[in-house]
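Down below is the structure, laid out as structure tokens.
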Amino acid sequence: MNRLLPIVIVMALILGAASAHAQKDVRLSIATGGTGGVYYPLGGGMANVISKYVPEAEATAEVTSASVDNCLLVGAKKADMALVMADVSYDAAQGLNKFKGKLPLRTLAMLYPNNMHIVSIEGKGIETPSDLKGKRFSTGAPGSGTEVKCLRVLEAYGINPDKDMARDRLGASESAGALKDGKIDAYCWDGGIPTASITDLGATPGVKLKLINHGDSVAKMTEKYGPLYTQGVIPAKSYPGQDQDVTIAVVWNILVCNPDMKDDIAYKIVKTLFEKKDELVAVHKAAVDLKLESQQSGSPLPFHPGAAKFFKEKGITVK
């Protein structure tokens, strides 16, 4: 009997591992953004937390062009979840602007406020958004929420990006690199604070970072596009060389899914993200804004029933 004992233990371990593997029968993909922004690291943290604590699920984060493409991917069921900007999700659900038809999307959670950065450096002669006229400017990657919001900010100042400036369409990391190398004069980026690529730019020897105030654009944006935007602030010292507060346009980021996601999976995902919030904050501090009370501020999309069930248990009513 003693000689059989090691064999029994080994077989038990093999069967246990096989059973654990068999439980992971739900494969989930999370559409995020470029590697230089916030969506990708935060989405990666979400994927790790979901894989770790939702027994039947295995989640992975995918690099994408961000909000516009993410809505298309979830709408077409080519991604299960996505991080997107609220204004882009509204357009997607209504079939407006870049979307040729209405997309089926549901909210899982309001995540954190997305902060518009208009980034330049000393020596470029840019003090206000109006100074962007005649400059070489990146409005964000094609298919990104940054591009959508940036164009609306420029519109508020009467700037036509295709006539009044030389326009590039670069992502966060590419824009920072191009500015540092003198290939562009400024760029837009919409994301959490801090964004790694802007921090790296500000820390570059010989570079003095300049963030441009544009909070007064919000009134015209809200007048045309609805109550999706608010005025916010990038506090002084958020980035190397940033000496003063900067007024900005803010829109919330949300986690969305397709309506066909099973209610119990949606419930477990949302429950896990809130219960393991500390692990998300350890990945990126933008996750500190994942709060129950923020869900009541409202989403431009209906909440998934599984998510709504979790919030109801916490005394939060969502629509």
Side-chain angles (χ1 to χ4, degrees), residues 29-44 46-47 61-118 138-155 161 169-175 187-193 195 197 221 225-226 228-230 232 248-258 284 286-287 289-290 298-302 304:
S29 61
I30 306 176
T32 62
T35 56
V38 177
Y39 280 8
Y40 181 68
L42 185 57
M46 291 179 174
E62 310 293 343
V63 176
T64 71
S65 295
S67 293
V68 174
D69 284 353
N70 288 357
C71 289
L72 293 168
L73 289 168
V74 172
K77 297 184 181 180
K78 293 181 179 179
D80 299 289
M81 293 175 281
L83 289 82
V84 301
M85 289 163 54
D87 51 352
V88 176
S89 73
Y90 176 81
D91 284 357
Q94 299 299 319
L96 302 173
N97 297 312
K98 291 181 176 291
F99 300 96
K100 299 186 184 301
K102 297 181 179 181
L103 296 179
L105 302 171
R106 294 292 182 268
T107 299
L108 288 172
M110 307 290 288
L111 297 176
Y112 66 94
N114 225 20
N115 305 281
M116 176 60 75
H117 301 60
I118 300 180
S138 172
T139 55
S144 69
T146 291
E147 183 180 55
V148 171
K149 188 175 169 189
C150 181
L151 296 181
R152 292 179 180 181
V153 170
L154 294 177
E155 180 185 34
R169 304 172 76 193
L170 307 173
S173 294
E174 295 81 8
S175 291
Y187 68 91
C188 267
W189 166 249
D190 207 39
I193 303 172
T195 292
S197 54
M221 292 167 69
Y225 297 104
L228 296 169
Y229 304 102
T230 58
I248 60 168
V250 174
V251 69
W252 272 80
N253 295 287
I254 60 180
L255 183 65
V256 301
C257 67
N258 192 283
H284 198 288
D289 288 307
L290 181 65
S299 169
L301 310 175
H304 190 285

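In this chain, numbering begins with 1 at the start of the sequence shown. Treat the numbers as computed from the prediction; the structure is a model and nothing was measured.
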Single hit among Leu228, Asp190, Asn114 for side chain to side chain contact (heavy atoms under 4.5 Å, CB included) with Asp87: Leu228

Residue pair Tyr39 / Ser67, side-chain heavy-atom distance below 4.5 Å: yes

Flag, side chain of Asp80 to backbone of Ser29, donor-acceptor distance under 3.5 Å: yes

Nearest-0.5 Å distance that lies between atom OH in Tyr225 and atom CD in Glu155: 3.5 Å

Side-chain donor-acceptor contact under 3.5 Å, Ser175 with Trp189: no

pair Cys71-Val256: side-chain heavy atoms closer than 4.5 Å: no

Neighbour count above 12 (heavy atom, 6.0 Å) for Tyr40 OH: no

Criterion side-chain contact (heavy atoms from CB on, under 4.5 Å) on Ile118 and Val153, from CA distance to verdict: CA-CA 10 Å; Ile118 300 180; Val153 170; 4.3 Å; yes

Min side-chain heavy-atom separation Met85-Val148 under 4.5 Å: no

Under 3.5 Å: donor-acceptor pair, side chain of Asn115, backbone of Gly191: yes

Any donor-acceptor pair under 3.5 Å from Thr139 side chain to Cys150 backbone: no

Heavy-atom side-chain contact between Asp289 and Leu111 under 4.5 Å: no

Gly37 backbone acceptor or donor facing Thr195 side chain under 3.5 Å: no

Distance-only donor-acceptor hits, side chain of residues 90-102, under 3.5 Å, sequence neighbours excluded:
| unit_1 | atom_1 | unit_2 | atom_2 | d |
| --- | --- | --- | --- | --- |
| Asp91 | OD2 | Asn97 | ND2 | 2.9 |
| Asp91 | OD2 | Arg152 | NH2 | 2.7 |

Any donor-acceptor pair under 3.5 Å from Thr107 side chain to Ala109 backbone: no

Heavy-atom side-chain proximity of Glu174 to Tyr187 below 4.5 angstrom: no

